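These notes concern the structure reproduced below.
All chains are named by letter (A, B, ...) in the order of the sequence lines, taking the proteins before the strands, and each is independently numbered beginning at 1. Note that the structure is a prediction, hence the values are computed from the model and not measured.
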Amino acid sequence: MLRATLKGMAARKARLILTSLAVVLGSAFIAAALVLTASIRATVDDLSGDSYTGSDVLVQPVEPENRGDRLVRDGVSAQTLDAIEASGDVAEVSTTVTWMINAIGDDGKIVGALAPTMAVNWGDESVERELRDGRAPETDGEVAVSAQFVTDSGLGLGDTVNAYSLATDETGYEIVGVYGYSGGRNSLSGATELAFTTTEAQRLVFGGEDVYTAVAATAVDGVSATELLASLEPAIGAESEALTRQAYVDDLNAENAEVTNVIGYFLLGFGLIAVFVSVFLIANTFSIVIAGRLKEIAMMRAIGASRGQIIRSVLAEASLLGAVASVVGAGIGVAAGAGLTSIVANNLLDTAGTSLAIPWTAPLAALAVGIGVTVLSALVPAVRASKIPPVEAMREAAKADKPIVAVTVTGLIITLVGATGIVLGLNEVFEADRTNLLAAAVGAGVVFVGVALLTAWLSKPLVALLGSVWAWSFAGRLGRLNASRNPRRTAVTAAALMIGVTLVTATATLLTSVKESLAERFETSIQAELFITGPVTSSVPATFDPALMDDIRDADGVAAAVELYYDLAQVDGTEQYVNATSDLQGGLELFGGEVADGSLDGLGEAETAVNESAAEQLGVGIGDTVSATFSRGTEAHEFTVVALLADNEDTDGWYVDPSYAGEFYTPKPTTALVDVADGADVDAVTASVEDILADEPAVSVQNHEEYLAQVTVFFDYAIIAIQLLLALAMIVAVIGVINTLVLSVLERTRELGMLRAIGMTRGQTTRMVTVESVTIALFGALLGIGTGLLLGWAVQQALVSKGVESFAVPTALIAAYFGAAVLVGLVAAIAPAVRASKVNILGAISYQ
Amino acid sequence: MPLANPPAPQITRTRSAVTASNVWRAYGSGEAQVVALRDVSVQFASGAFTAIMGPSGSGKSTLMHCLAGLDTTDRGSVLIGDTEISGLNDKDLTKLRRDKIGFIFQQFNLLPTLTAEENILLPASIAGAKPDPDWVARIIATLDLSERLTHKPTELSGGQQQRVACARALATRPEVVFADEPTGNLDTRSSGEVLRFLRRSVDDFGQTIVMVTHDPSAAAHADRVVFLADGQIVEDLHRPTADSVIDTMRGFENRVPLAGEAR
């Protein structure tokens, strides 16, 4: 029986290759994801391994426990540094002073889009820097910059760069040197860097305090790192803690691992989707192949093969195919993972060398998934094939398609179960919010599977509808009829594309709805026409001089202008958003906020206003006192609650007088709202406000649309990233459609011969196959878009309470998905159409 | 009365629908070469029903394929009406088949996705033309298919399917209809219906029909039977009966060695 299977496989190489492509793709993805993750991690670990080369012990500030993730770090004190230097076990000491700053580029804008700009002291040994040009900074007015900074800023040796930090105002520095990093790198993971004298770095990072981000010590000969650690620990101050360099590197690696793991999960997710989709492809191909072999199987049964032998024969074929394909896939995946590693390392991390790591799980997982998926997918067709009585199959090859009632009913039930989950979740039947969200999300996933099963039933009316587009062309009409000829096959082929399109549509719909909800809230609740704010991507929040607010208020056509400072502070031991403004009443009006209780008159020193739910969270009311420590504050302040604000997403938080802003993370205002007087020309007001802010390059004047575009820029990035999934889905779909079409063309050889004999031209034949292909692809896209919109809507409904109140359809993207489907159809049609048009007429019409 | 090389078409009063002159066709090369047609010249009169007969491998199917523009000739010329088809490119040949030739196959070869009516109108649809509705209605009525027009091929019997195929072949009023063993897959009753229709379409509509068959009783419906053996025309029988066909077949079976000597 096995011999017959092997001979059969050898005789059908083309089909075998097409089937295996899907398996190859799926297992390659899994292997590539695992290799890429491991390799990036190894590469990054190598880099971290270079940190503080030659040092033995590091001294870092202790992170205050009760403040959570502080935005501003404390430093190692000068006394601690003195103590380390005084130790007899220490041979050498280096210091590090570093934090994010903003630098202004040649174009007057803040340098760097997503990667941060860092200030560091020249002399820091956390990484090895190699001076390429010029010299090291010697005075406080000089700076050396990383090669990446030269690229990103457009400034070079001899130019003056303006930079500022949270602690300092904008200052000009002369660029005296340009440096790179060990291994010829231009940057550390794409970040730009400016190296100052230690004193200037301390001014930028710590406001001039004589403290350090870290101190690295090297032991004298004969003293080990642990011995040095033991001798230093009693000497350093309470604000600091010591650890060996090895422990530091291990910590760094663990932190990096978290990031690389996220990349890995993302890729694995893609791989799993590819595998899920290939299940459909493989099952479909096996069904078609078996349908074409019914006579052969019947003959086998007639000469005495048992049902079990038939099933085993098909499964043997599947496991052999799965094994070969997943070995190939694992090979391609490992190679692709290695290739991707160097691309990612060079472009994203800017590392010159890469370390390739091939975890044993990569080929193993690829093989397991490849073989497992192939065998499981072939199981249903195999069992179905074995059920066919010999006589039935030996008659004219079963023409009528198997009834799709069972699949449809199953699909309907599954869809209903999923829908129930969504309804229960949305109506918050369960007690915990998370359970509700989970019910809705899982329900959505289940609906997805249900709809996939319903595709066969949906294919008839939908394909007819889509096909009406081609009604003008007879070849097109024939193609459409061919597409609806075998609903099961069309449906399974289309499902491959549907899955990808559903995911991207659902995500895009949700993100668009979030954007739309934000926009709508802006339109309805925010009175101000103009916003003064900087890019959300800058390292240090863009700020401006609060003194300019008076000029703005005095400008013609300005009805009101309110500036806002913000901080993430500790209020009664919890993290809370604290805002400050000189005109809270005005701010509330512009944001559409309301006072629920108490009075805002004279919100002065030691007084605060807060929204109701935040007050409730801390269990305070009017007249109660809270204690707040701000980001840069060293001590707590007491505030009495004098007013409660109605909950409003735009105004929620604590409010204090701007006199406390000096202790805020950003001591200057980050945002201002300008209300243009009724009847005044908005453009003219914009121009005059821009004039006032001419010396503040970090911020710009924006209208609603511009401001929204800026705050939602991350959604745009997310939407773009998710489109990558579409590309993957398209590739898989092309393979699936080719597969189905080639087999269909093969089955219809005689028909094609007849059509060519009675006068159908090659062009018409090509069109007929192309239309069939495009119709299948469009059907997949239509299903995907429909299901995606439904799922997007369901999740949006679940998030209404979280502020996602509007449902918005990403029309442009949806149009693009239809375009992508047409592309898939056209690409997939090429080979089968050529094959169909070149059919040998004589051979075909005498083909039995 | 061998007519291997008829000098001129004086034997037909009417003009020829199909003319083959000195046609050669061989397959393969060298040792394995098989000559399917050797210097065949034959004319098919317009408005006549001609049968082509011969044993397996005699070249009768090759001759029909060459005449119908489905196969190319090595030498010689084939005229459909006034059109010389040897030398036409695929596109022009396809158009010629579409506009001037009708086909009836042994396997019916209907499109399962189309109804009987759509199948009948298929050649016209491919051409993007509208056939004469009166003419189509007349054919449908003659073939007794009026009740079956909305049925799909799978819902029709073999005889009905072949009648649909006949209607398809005639619907565009082609210059000539080629029928390749049209009764090969049918029972006696259905065969009779199809052959009687072909006869009628010649008598009543003036259609030209060339039919390849191995069945003497089918050939007896024709006006003339051309016998092929070993790639050459060996007999040309006018006004055949089943008996005369059988006799002729016996006769030239005895002559086969002669033809062999001619090599």
Side-chain angles (χ1 to χ4, degrees), chain A residues 395-401 460 463-464 467 470-487 489-490 744 747-769 771-772 775 837-848, chain B residues 25 27 36 61-62 64-66 68-72 89-115 118-130 152-155 158 165 168-169 171-172 174 177-178 180-181 184-185:
Chain A
R395 274 188 233 129
E396 178 72 3
K399 279 182 211 137
D401 200 27
K460 246 192 166 104
V463 168
W470 320 109
W472 52 271
S473 149
F474 184 71
R477 223 166 73 76
L478 287 183
R480 193 268 287 170
L481 286 171
N482 282 340
S484 56
R485 199 151 165 175
N486 190 329
R489 191 186 294 178
T490 300
S744 296
E747 280 179 357
R748 296 177 202 149
T749 303
R750 194 148 60 96
E751 221 174 281
L752 287 163
M754 179 276 289
L755 283 168
R756 293 275 291 123
I758 67 166
M760 184 175 253
T761 61
R762 286 204 170 131
Q764 284 176 310
T765 316
T766 307
R767 279 204 289 286
M768 180 174 81
V769 176
V771 162
E772 179 173 359
T775 305
S837 74
K838 290 212 170 135
V839 105
N840 176 337
I841 303 175
L842 286 180
I845 51 180
S846 48
Y847 175 86
Q848 297 298 313
Chain B
R25 181 70 172 117
Y27 296 103
S61 286
T62 304
M64 195 202 87
H65 291 152
C66 287
L70 290 172
D71 201 353
T72 53
N89 63 22
D90 179 77
K91 196 172 182 184
D92 291 333
L93 260 185
T94 305
K95 275 194 185 140
L96 177 108
R97 290 198 301 266
R98 189 182 77 192
D99 299 335
K100 298 207 167 164
I101 299 174
F103 284 100
I104 301 168
F105 303 95
Q106 181 177 1
Q107 303 283 347
F108 321 141
N109 276 346
L110 301 178
L111 271 198
T113 47
L114 300 182
T115 62
E118 288 167 327
N119 265 294
I120 293 170
L121 299 177
L122 188 59
S125 304
I126 289 173
K130 195 105 184 90
K152 292 275 175 70
T154 46
E155 299 158 346
R168 179 179 72 190
T172 51
V177 169
F178 289 104
D180 189 0
E181 301 275 12
N185 264 7

Roughly how far, to the nearest 0.5 Å, is CZ of A/Arg750 from CZ of B/Phe108? 9.5 Å
Most heavy-atom pairs under 4.5 Å with chain A, out of B/Leu122, B/Asp71, B/Leu93, belong to B/Leu122
Would A/Thr761 and B/Ile126 satisfy side-chain contact (heavy atoms from CB on, under 4.5 Å), going step by step from the backbone distance to the final call? CA-CA 9 Å; A/Thr761 61; B/Ile126 289 173; over 6 Å; no
If you compare all heavy atoms of B/Phe103 against all heavy atoms of A/Ala757, which two are closest, and at what distance to 0.1 Å? CE1-O, 3.1 Å
Please flag which part of B/Leu96 lies under 4.5 Å from any non-hydrogen atom of chain A: side chain, backbone, both or neither. neither
Picking from B/Asn109, B/Leu111, B/Leu110, what satisfies side chain to side chain contact (heavy atoms under 4.5 Å, CB included) with A/Glu751? B/Leu111
How long is the straight-line distance from CG of B/Leu70 back to CG of A/Asn840, given to the nearest 0.5 Å? 10.0 Å
State the CZ-CD distance between A/Arg477 and B/Glu118, to the nearest 0.5 angstrom. 4.5 Å
Give every residue pair that meets the salt bridge (Lys or Arg N to Asp or Glu O under 4.0 Å) criterion with at least one member in residues 755-767 of chain A, sequence neighbours excluded. A/Arg756-B/Asp90, A/Arg762-B/Asp90
So which of B/Ala127, B/Pro112, B/Ser61 has the largest heavy-atom pair count under 4.5 angstrom toward chain A? B/Pro112
CD1 of A/Ile758 to CG of B/Asn119: how many Å apart, nearest 0.5 Å? 8.0 Å
A/Arg485 side, atom CZ; B/Thr113 side, atom OG1 - distance, nearest 0.5 Å: 5.0 Å
side-chain hydrogen bond (donor to acceptor under 3.5 Å, both in side chains) against B/Ser125, all qualifying residues, sequence neighbours excluded: none
Part of B/Ile101 lying under 4.5 Å from any heavy atom of chain A: neither
